[in-house]
Amino acid sequence: MSGKSSAIGKGDRLILVDGSSFVFRAFFQSMNQDAKYNYRSDGLPTGALRMFCVKLWQFIREGAAGVKPTHLAIVLDKSEGSFRREIYPEYKGHRPDAPEDLKRQMPLMRDAVRAFGLIPVELERYEADDLIAAYAREAAAAGAEVVIVSADKDLMQLVGPHVRFYDFESGIKGKNGYRPERNLDVEGVIERWGVPPEKIADVLALTGDTSDNVPGVPGIGPKTAVQLLEQFGDLETLLERAGEIRQPKRRETLIENADKARLSRKLVLLDEKAPVPVPLADLTLAEIDAQKLIAFFKAMEFTTITKRVATEYDIDLNAVEADPELARGGDSAGESGAAGEVGLAEGDPQASPERLVKQRREEAQGLKIDREAYECLRDRDSLDKWIADAREAGIVALDTETDSLSAHSAELVGISLGLPDGRACYIPLQHRGGSDLFDETGLVKGQIPLDDALAALKPLLEEPGTLKIGHNFKYDWLVLARYGIETAPVDDTMLISYVLDAGRGGHGMDDLAERHLGHTTIKFAEVAGSGKKAVSFDRVGIEEATSYAAEDADVTMRLWRVLQPRLAAEAKMSVYQTLERPLVPVIACMERRGIKVDRQILSRLSSDFAQTLTRLEEEIQEDAGERFSVSSPRQIGEILFGKLGLPGGKKTPSGQWATPASALEELAEQGHPLPAKILEWRQQAKLKSTYSDALPNYMDEKGRVHTSFSLAATTTGRLSSSEPNLQNIPVRTPAGRKIRAAFVPEKGMKLISADYSQIELRILAHIADIPQLRKAFADGIDIHAATASEMFDIPLAEMTSEYRRRAKTINFGIIYGISAFGLANRLGIGREEAGAYIKQYFERFPGIRDYMEETKTYCREYGYVSTIFGRACHYPAIRAGNANERMAVERQAINAPIQGSAADIIRRAMIRMEDALSGSKLHAQMLLQVHDELIFEVPEDEVDQTIPLITRIMREAPHPALTLKVPLEVEARAADNWDEAH
DNA sequence: TTCTAAGCG
DNA sequence: GGTTGCCGCTTAGAAT
C-alpha cells in the first residue's frame, strides 16, 4: 500500500487506534459472548482477536465516531521499557498481568493488522501514546480530521479542534452503570476534566495516576488540582508561587513535592516529537486484499466476519483456503512462533475437526512407544537444547516426580518433558539412593543442580507462547508453585478426558493410555515397589526412573494429541475452557491455603466421645446379654434379629442381616432400647474415628488442614474432596456440629459461609419450566410450602408443618428420580399412599413428568445427558438388559442434569471469585467448596464489604452465558467458626 | 479387596 | 411373578 502514498491534508480523515487498549477492550467484549466463539479448535484463545478484527473492519468500512477514514494506523507498544522507565523506574510498576487468555493471543494481533493490509506501527523506547500524539499533531496541523480510538484517558490530552477521542463501550459495566467516555471533543474534555486538553498533564501531575503508578502530590485529588490550576494558570506557575497558597497543609505538601509533580508531568505528558517509524502518507487506506484477509480469518476459524467480508467483496468462501502462514504469531524467527500453529493438522489447513480426530487416533495407534529412546538429561547443555526444542515446538508435556504423594509437602525429585514428535526426557534433580553413586550431601552424582535446572525451565514454563500439557496438573502446579514457578498456559489431559468422557471410565493416565493408545504404562508400584518394600521416588535408580517418568510425559503428549481435537469436534470446547481449565489454579490455591482447625477442641471431643462409647458399649452388652463387637454390623444383626428375634429384619445382598440406621430407628420407635443405643454408639464412633481422631493427623505446623479436591471424580461435574474429605464435616446433629465448630479462622479474621439456597430445585424449575415453581421462587415463597399447597390444596396461610415436610421429601425424591417405594420408605407411609402422592404431584406439575420422560428417552437414544452449560454425563448402561439396573441408571440420568448444572454454576462462581475479590481490593480467601457452599477466610474489618460481593458473584454466576428462569438466592454469614457461619 | 454403615450436599 | 428400589461422593472398620 505504500505505493499509493500521498501526503495527508485537508479533507483527509485519520483514525489512530491505540492497539493495546483496543485489544483489551476487545478481549472483555469477547468475554460476554459464548465461550465457543472464543477459542479455535486447537484451544488457542481467539476471542479478543475476533472482536479486534470485527471492530477494525467496522472502522475501515464505516468509520469511528462518525468519521470515515482515509488513513488509519494501529499503534502498538513495542516493549515494556519506554523512556519513562528510564526517568522513573517504577512507571507502570505494579500493573496486574493481562489475563492468560489475552496474553496468548497478543502475538497474533500484528498478523491481524497485516492481514488487513495495514502496517503495525511501533517504536522501541516509545509508548503507543507518544506515536499517536506525534501523528495526531502532524495530521491536525495539515488540516486533516483525527479520531483517536483508545480507552486510555491520558490520550484525551491530544483532543483539539481537529482531534476527537473515541472509546467504544467496554463489555463490562462498572458500578452504578458507569460507562467509559466516548466520542469527546474539546467541550467534552472540559466537561470530563474541568480543564482544556492541554492542561490534563498538569492535572495528572498533581493527582498522580495509580494505574500507571505516577506518584503526583499526596493529598491532592482532581477537584483540588483543577481549582489550583484555575487559580494559578498552569503547573509551573503554581509550583513557583506555591508559597501563596492559603491552606498551610496544602502549601507545605506542594512545596515539598514540587519535584515529584514535575517528574509526574514528564511521565504523563505525551511526546509529540516522537520520531514516527512510518510516515503519515503510508497510512493511507488502500483497497483491502480480501482474499488474504479471508485466508487469515479462516486460519483463525472466524465465521461471521469471514462471511461478511466474502459478501462485501463477492468472493466464494469455499474457494479461499485458510493460510496458517498468515497467523504465525510474532514477526521474527524465534519469537513464540508456534502460538498460531499449536495442534493444527500439519500441512493440512483444510482439516476438519472430525478428520483431525481420526488422523490423530490412527497416528497414535501406529506410533510405537519406545522407552529405550528416552533421554536422561544430566547437564545444562542437553537441558538447554531440550528447552529450545520445546520452545520451537510451542508445546511441551510436563510431569513432576516427587518424594511423596502430598503436593503440599512433596519435594521435587525430577521433571520429565515430552514433545509432539514422540521424544521424551527425564531430568533427575534430587535422587538420593538406589544403586547409583552419591556424594557427601546424599545426592546421586550426575544431576543438574536443582536451582540451575529450575532457573532454566522457569521462563519456558511461564511463557504464554508455549503451551504446557499435564495430566492432573493441579498436583504439578502446586509442587512447582512451591519452587516459585507459576506454570501457564496449561492444558490438562485428565480434564479434557473428563469433559469428553465423564461416565465412560476412569480418567487416570493408565486408564487413558490403555483406552486411547492401546499402551500399557509402567506402574508406579513396578519402579517404587509396593507394600512394605515401597520406597519414595528419590530412592529409585535414575535409569529406571527415566523410563517411568519420561513415559508419563510421552503418554501425556500422545493423549493430548488424541483427545484435544475431540473438544472442537464434539462441541465441548466451551465446557473445557470455561468450566475446567481455569479452575485448576483456583482449586490449587484453595488447597494450598488450607483451613485452620482447633486441635484442642478436637482432642477434648475425642475424650468425650471415648467416654460415651465405653458407657454405651457396657449398656449394649448388658442388654444383649453377651460381649460382642458393637462395631460389627454382622454381629449386631445376629444379636438383634437372631438371638433376640426382633421383627422386620432384612438381609443385605450378601445374605447377612442388614442393620442400617433406618431399620434400627424403626425398632427403636417400637420401644426396643438396644437399637437406640446402637444408633447412638455408631454416631459417636463415627464422629470420633473419622473426625476428631483423624483430622489432627492432617494438620500442618500452622494448624491448617489441606484437603485435596478432585476435579474429575464424579460423573456429574461435582468436585470431590479427600485426604481428608472436608465436604462431609458433620452438621446434622448437635454432637456433630461440635466437630464443625473446630474449624476456625486465623486471629483477626472471620469465616464466611455462603450457600445457594435450593439451587437444585431452582434448576429443576428452570429446566422443566414449571410455572408454579418459577412463580414461587420469583416471589420468594417457601418452596416446600408452596409445593404442599399446590399438591394438597391447602392455602399457604393454613399450611401445617407435617404437609410441608411431606412436600419437602417429595421434592427431594423428584430430584433423585422418585419411586413409590423409596418415597414410602422415606415418609414412613404405605406404598399406595406414596404412589398416590406421586400421581398427584405429576398431575399438578406435568412438566416434571415430561422432563423425566424426555430425559430418559434422550439418554436411551444418545447414551448421555447434558447440563444447562453443555457438560455431558454418559450412561452407557442405560441400555442394560437387567430391568433393575436400567431403572437405576434412568434415575441417575434424571438427576445428572440437575446436580451437574448446579455444579457448573458454582464452578463459574469460583472461577470469577478471585478476580472479583482482588479487583475490589478485598483480602478474602476462598478455602473450601461443599457443592452448594463456599467457605472464605476474611479480615474482620472487611466482612461487611465482602459478603455482598461474594453473594453477587454467586448469584450472577450463570451470566452471561445463560439467564435462568428463576432467581438464584445466596445466604452468607460470618462467624468465628464454621458451625456458626453455616 | 469388598462390604456395610455413616458422614455430607 | 418376585425383587428392588432416591442422586452424588469418601472414610472407617470388619470380614474376606
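The sequence lines fix the lettering, A, B, ..., with proteins before strands; numbering per chain opens at 1.
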Residues A:L934, A:L928; criterion side chain to side chain contact (heavy atoms under 4.5 Å, CB included); working and verdict = CA-CA 6 Å; A:L934 294 173; A:L928 295 177; over 6 Å; no
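Listed pair A:T715 / C:dC9 meets the phosphate criterion, a side-chain N or O lying under 4.0 Å from OP1 or OP2. Proximity of A:Q892 to the phosphate of C:dG8: a side-chain N or O atom is located under 4.0 Å from OP1 or OP2. Phosphate contact (OP1/OP2 of C:dG8, side-chain N/O of A:T716, threshold under 4.0 Å): absent.
Heavy atoms only, all atoms of each residue included: A:P897 and A:S866 are closest at CB-O, 3.5 Å. Shortest non-hydrogen contact noted between A:Y475 and A:A410 is OH-CB, 3.7 Å.
Aromatic rings of A:F792 and A:Y837 (six-membered ring for Trp) have centroids within the 6.0 Å cut-off, being under it.
For B:dG9, its base sits under 3.5 Å from the side chain of A:R732 at one donor and acceptor pair at least. Residue A:R718 places a side-chain atom within donor-acceptor reach of the base of B:dG9, judged by atom type and a 3.5 Å distance cut-off alone.
Looking at residues 753-770 of chain A, you'll see that no heavy atom sits under 4.0 Å from any atom of DNA chain C. Listed by residue number, A:R826, A:R831 are the residues of residues 822-853 of chain A with a heavy-atom contact under 4.0 Å to DNA chain C. Taken residue by residue, residues 860-876 of chain A places no heavy atom nearer than 4.0 Å to DNA chain C. Within residues 972-979 of chain A, no residue is approached by DNA chain C to less than 4.0 Å at the level of any non-hydrogen atom.
Side-chain atoms of A:K688 never come within 3.5 Å of backbone atoms of A:S607 as a donor-acceptor pair (strictly under, hydrogens ignored). Between the side chain of A:R737 and the main chain of A:D979, no donor-acceptor pair closer than 3.5 Å is present.
Taking atom P on both nucleotides, B:dA6 is separated from C:dG2 by 31 Å, rounded to a whole Å. Across the P atoms, C:dC6 and B:dT4 are found 16 Å apart, a figure rounded to whole Å.
A side chain to side chain contact (heavy atoms under 4.5 Å, CB included) with A:H706 is found for exactly one of A:E723, A:H408, A:M699, namely A:H408. For the side chain to side chain contact (heavy atoms under 4.5 Å, CB included) test with A:V865, the passing option among A:T855, A:T716, A:N895 is A:T855; the others fail.
A cation-pi arrangement, defined by a distance under 6.0 Å to the six-membered ring centre and an angle within 45 degrees of its axis, is absent between A:K650 and A:W657.
Using a 30° and 60° split on the angle between ring planes, A:Y498 and A:H507 fall in the perpendicular class, above 60°.
With centres under 5.5 Å and a plane angle under 30°, the ring of A:Y816 is stacked against the base of C:dC7.
No contact: A:F812 has no heavy atom under 4.0 Å from any strand.
Of the listed nucleotides (C:dT10, C:dG8, C:dG5), C:dG8 has the atom at the smallest distance from the side chain of A:Q899.
For the salt bridge (charged side-chain N to carboxylate O under 4.0 Å, His left out) condition, the pairs that include at least one residue of residues 838-850 of chain A, sequence neighbours left out, are A:D793-A:R844, A:K839-A:E843.
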Would you mind building the protein contact string for nucleotides 11-16 of chain C? One character per nucleotide, 5' to 3', B for base within reach (heavy atoms under 4.0 Å), S for sugar-phosphate only, - for untouched.
-> BSSSSS
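Going from atom CG of A:L934 over to atom P of B:dC8 covers 19 Å, rounded to whole Å.
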